[in-house]
Amino acid sequence: MKIAQRVASIAPSPTMEGAKKAKAMRAEGKDVLSFAVGEPDFPTPENVIAAAVTALEEQKTKYTNASGIDELKAAIVAATRRTIGVEYDASEVCISNGAKHTLSNVFATLLEPGDEVIVLAPYWVTYPELIKLYDGRTVAVLAGGENDFQPDIAEIADAITDRTVAICINSPNNPTGGVLTEQSIRDIAGLVIENDLTLISDEIYKEILFDDREYLSPAGLPDMKQRTIVVDGVAKSYAMTGWRIGWSLAPADFTKGLGSLQSQQTSNANTIAQWAGVEALTGPQESVQEMCREFQTRRDYIIPALQAMDGVECAMPAGAFYAFPDISAYFGRTLGGRRINTSLEMTDYLLAEAWISTVPGIAFGAEGYIRISFACSMEQIEEGVRRLEEALTSA
Ligand code: PMP
Ligand code: GLU
């Protein structure tokens with residue numbers, strides 16, 4: 001059947017594909033360990049489950065306003081005050097079916113054909129595909145491990161043209177776990193103001209920060225709130241990936257545009273999940289800290305283990321739950337009888353021979369790396385490390 005070019009040119013999400021492949025191999029009886037998808041392995045907190053059950057029992061099962069229920073907007077406003085110290089009005093909140101959907105709506109609402117978005121690389125796989133979907137152009141600027149994942153501000157300035165409309169940042173970062181320093185955030189904000197741009201700040205990992213770091217949102221800097229679109233959601237902080245609740249915080253006129261788009265395209269996000277979201281944000285927050293501590297324990301195990309492997313270099317992530325080792329020392333070498341020349345050949349090899357599923361760096365705009373999600377049990381991480389080590393030493 002005919003498929004429009006707009007969709008035909010979109011690559012399926014490699015993170016979701018990696019998880020799918022691992023599932024299919026497991027169904028064939030192969031003991032595949034998946035390190036592909038960024039999905040906390042913890043159960044959704046009990047109080048959140050109970051709130052969803054109550055919503056069902058109370059027949060909260062009908063359409064809501066397209067941009068979400070007032071109670072969740074109020075909960076988001078209060079949670080944002082608590083976590084990033086920025087004050088929003090309910091008219092500046094639009095609730096969608098997950099942060100991915102929020103990003104899709106944001107790019108749809110922001111971009112004219114040919115508009116350019118500067119995206120710091122390595123970047124999450126979805127940004128360039130969504131930007132392309134809405135006829136925009138991604139201009140990647142590297143913020144790599146050799147510079148502690150900080151961008152060279154002069155490089156961003158050089159990348160700005162008269163078609164640039166936005167800069168997109170994601171800190172803590174997927175796939176590197178890098179966190180932008182206060183100086184980097186201030187420098188980027190300076191460029192945004194100077195060039196009259198919009199800043200898209202994907203803050204979905206802001207609660208998963210290690211070593212007692214404090215979170216700084218660019219929306220809290222002088223003159224930045226009205227120029228920033230914050231993207232956030234419950235998926236990562238509350239182990240609620242399948243509930244599909246995300247949101248944006250942006251000026252009221254832009255938010256109104258998002259709401260109109262959503263009213264025609266998807267209507268409201270799932271009503272029961274919205275009520276569960278209210279409980280996640282307003283109920284006890286201990287589980288958020290507990291999960292974060294556990295991610296830090298896993299990080300403290302996996303990163304030194306990777307660093308100790310011959311030919312592997314890996315920076316210490318400051319947040320999120322991803323290791324992003326540089327495996328390019330293996331390019332040109334033969335492993336398990338296969339010649340490895342690309343990150344994709346490496347991840348294919350690891351899946352076929354070691355039964356571990358990872359994501360190639362090329363999907364994040366960083367050839368030479370692979371991404372390993374450590375949002376899985378310590379037991380799985382230990383076994384994965386053992387298999388990886390064995391696979392990298394098998395000629
Ligand atoms: N942004 C980043 C950086 C992510 O890694 C993800 C992964 N899920 C999302 C947004 C989307 O989150 P959600 O599950 O709420 O769609
Ligand atoms: N964001 C997660 C990841 O990068 C979940 C998968 C996805 O939404 O693409 O693995």
Side-chain angles (χ1 to χ4, degrees), residues 10-23 34-41 44 68 72 76 94-107 117 119-131 133 138 143 149 168-180 200-209 217 229-249 262 266 269-270 273-274 276-277 280-281 295 317 319-324 347 357-366 369-376:
I10 288 191
S13 163
T15 53
M16 304 296 261
E17 285 293 301
K20 197 165 111 187
K21 255 192 223 166
K23 245 182 230 162
S34 180
F35 297 93
V37 73
E39 173 163 60
D41 58 320
T44 300
L72 183 52
I76 290 167
C94 183
I95 298 155
S96 306
N97 302 286
K100 193 184 274 185
H101 182 217
T102 297
L103 282 160
S104 178
N105 285 350
V106 163
F107 289 124
V117 181
V119 179
L120 297 191
Y123 45 68
W124 182 41
V125 294
T126 291
Y127 305 133
E129 298 303 316
L130 288 179
I131 291 167
L133 180 65
T138 296
F149 306 117
C168 177
I169 61 172
N170 169 221
S171 172
N173 176 273
N174 177 1
T176 66
V179 170
L180 292 174
I200 300 168
S201 179
D202 182 341
E203 307 192 350
I204 194 118
Y205 297 102
K206 72 174 187 308
E207 310 255 24
I208 308 171
L209 262 184
S217 170
I229 303 168
V230 171
V231 175
D232 205 344
V234 292
K236 314 292 174 175
S237 311
Y238 298 94
M240 289 178 70
T241 45
W243 298 72
R244 311 312 300 134
I245 295 291
W247 58 84
S248 55
L249 301 162
Q262 194 159 284
T266 51
N270 178 290
Q274 288 193 65
L281 295 175
F295 287 133
F321 35 63
Y322 304 106
F324 200 56
T347 55
S357 165
T358 55
V359 187
I362 189 71
F364 306 95
Y369 295 77
I370 61 171
R371 191 191 77 172
I372 301 174
S373 162
F374 53 85
C376 50

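This chain uses plain numbering: 1 for the first residue, then up along the sequence. All ligand and atom numbering here is 1-based and tracks the order in the structure.
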- Task: Please name all residues satisfying salt bridge (charged side-chain N to carboxylate O under 4.0 Å, His left out) with K23, sequence neighbours left out, ordered by chain then number.
- Result: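 Checked K23 against salt bridge (charged side-chain N to carboxylate O under 4.0 Å, His left out); zero matches.
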Under-4.0 Å heavy-atom contact with ligand 2, by part of [X] that carries it:
X    : result
F321 : neither
M16  : side chain
R371 : side chain

- Query: For atom 8 (O) of ligand 2, which protein heavy atom lies nearest, and how many Å away is it?
  - Reply: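 Looking at atom 8 (O) of ligand 2, the protein heavy atom closest to it is K100 NZ, 3.1 Å.
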- Any idea which protein heavy atom is nearest atom 2 (C) of ligand 2, and the distance to it?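 Its nearest protein heavy-atom neighbour is K236 NZ, 3.4 Å.
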- Query: What are the two closest non-hydrogen atoms of P172 and A320, and how far apart are they?
  - Reply: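 Reported closest heavy-atom pair: CB-N, 3.8 Å.
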- Query: For H101 and T266, which heavy atoms make the closest approach, and how far apart are they?
  - Reply: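 Shortest heavy-atom contact: CE1-OG1, 3.2 Å.
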- What about Y205 and Y322, are their ring centers closer than 6.0 Å?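 Yes.
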Report, one line per pair, each donor and acceptor closer than 3.5 Å where one atom sits in a side chain of residues 238-246; sequence neighbours left out.
| unit_1 | atom_1 | unit_2 | atom_2 | d |
| --- | --- | --- | --- | --- |
| Y238 | OH | Q285 | OE1 | 2.6 |
| T241 | OG1 | E39 | OE2 | 2.5 |
| W243 | NE1 | T44 | OG1 | 3.2 |
| R244 | NH1 | T241 | O | 3.0 |

Within the 4.5 Å heavy-atom criterion, are [X] and [Y] side-chain neighbours or not?
X    : Y    : answer
L249 : I76  : yes
V230 : S217 : yes
F324 : P122 : yes
S357 : K21  : no

- Where ligand 2 meets S13 - atom numbers and elements under 4.0 angstrom, heavy-atom basis: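 Numbered from 1, ligand 2 contributes 9 (O).
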- Task: Run the numbers for me: atoms of ligand 2, each under 4.0 Å from some heavy atom of V37, listed by number.
- Result: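 By the 4.0 Å cutoff, the relevant atoms are 5 (C), 6 (C), 10 (O).
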- Hey, which residues fall under 4.0 Å of ligand 1 on heavy atoms?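 The 4.0 Å shell around ligand 1 contains G98, A99, K100, W124, Y127, N170, N174, D202, I204, Y205, A235, K236, R244.
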- Query: Do any nitrogen or oxygen atoms of G38 lie less than 3.5 angstrom from nitrogen or oxygen atoms of ligand 2?
  - Reply: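 Yes; at least one N/O pair falls below 3.5 Å.
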- Message: Going by the rule ring-ring contact (aromatic ring centres under 6.0 Å, His included), which residues pair with F295 if we only count those two or more places apart in sequence or in a different chain?
- Response: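 F295: ring-ring contact (aromatic ring centres under 6.0 Å, His included) contacts with F42, F321.
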- Item | Selected option - heavy-atom contact closest to atom 6 (C) of ligand 2, from T15, N174, T126 |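 Answer by nearest heavy atom: T15.
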